Amino acid sequence: MPSPNKRSRSLRRVYVKTPGGKTTLHYRKRKPKVAHCSKCRAILKGVPRERPYKMVNMPKTAKRPERPYGGKLCSKCMREMFVKKARS
Amino acid sequence: MIEIGRICLKLAGRDAGRDCVIVDILDNNYVLIDGNVRRRKCNVFHLEPKTDVIKIKKGASHEEIKKEFSKLKLDVWDTKKKEKTERPRKIRGKKKADKVEEEKPKKKGAKKNIDAKVVSVTDKEKAKNVPKKKETIKKVAEPKKEIKKGE
């Protein structure tokens, strides 16, 4: 029997293939929620879904799209905003 | 709306939200832009045309556009050229030789000087003492041989 904390579903299960050829069960902490556009709540692309300790080691360019408001707004909302500004 | 000299707002990519000018019309869909963006080909749908139009030639250079933009008090994108910095290159034979010359002579020289002084003092004493010892040894050694010969 696995230990009680491993019997609950608070940890996610990952199948890992060991060097010996066996597939074993590993328990890891769950990933955070997917990033969403703050205006229209659409899922943001190009923003990785990782725990903070992995995000820290990533380069800045890998963490968000490199355009104004990248990682905050989706591209549609950003364009709308600029168009509104230009026409006002 | 899309014509040469029209000032536009760029909507897509990392230059989004910056002003640019149409320099050339390449295609039904594509134009060449310059100004406060990187000079590049751009889709018409990624531009929001503004009211202003500048008088420029078709395919005008970046410096001409700079002058026109300065009149309108708009910023201009300028790529900074990297200045070539000289690398500190290793010269195999020379560097080692220099290091050896710098380090060792000081130590050796210092030691030598000290030794030289010491030696110079001791040598004089030895020079006085040693020959006497040698004489005594010879004197001692000779009789033994004679004894052996005799036997």
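From a predicted model like this one, the values you see are computed outputs, not experimental measurements. Residue numbers begin at 1 in each chain, while the letters A, B, ... track the order of the sequences.
Summarising the local packing, CZ of A:Arg30 is surrounded by more than 12 heavy atoms from other residues, nucleotides or ligands at distances under 6.0 Å. Counting heavy atoms of neighbouring residues, nucleotides and ligands inside a 6.0 Å radius, atom NZ of A:Lys72 does not exceed 12 of them. Shown here is B:Ile2, whose CD1 atom has more than 12 heavy atoms of other residues, nucleotides or ligands within 6.0 Å.
Residues B:Ile56 and B:Leu74 fall within the same hydrophobic cluster, defined by Ile, Leu, Val, Met, Phe, Trp and Tyr side chains chained together at heavy-atom separations under 4.5 Å.
Using a 4.5 Å cut-off between heavy atoms, A:Met81 does not touch chain B at all.
Salt bridge A:Arg79/B:Glu48: absent, no basic N to carboxylate O contact under 4.0 Å.
Nearest heavy atom pair, residue B:Arg14 against residue A:Pro68, reads O-CD, 3.9 Å. Across all their heavy atoms, A:Phe82 and B:Leu11 have their closest contact at CB-CD2, 3.8 Å.
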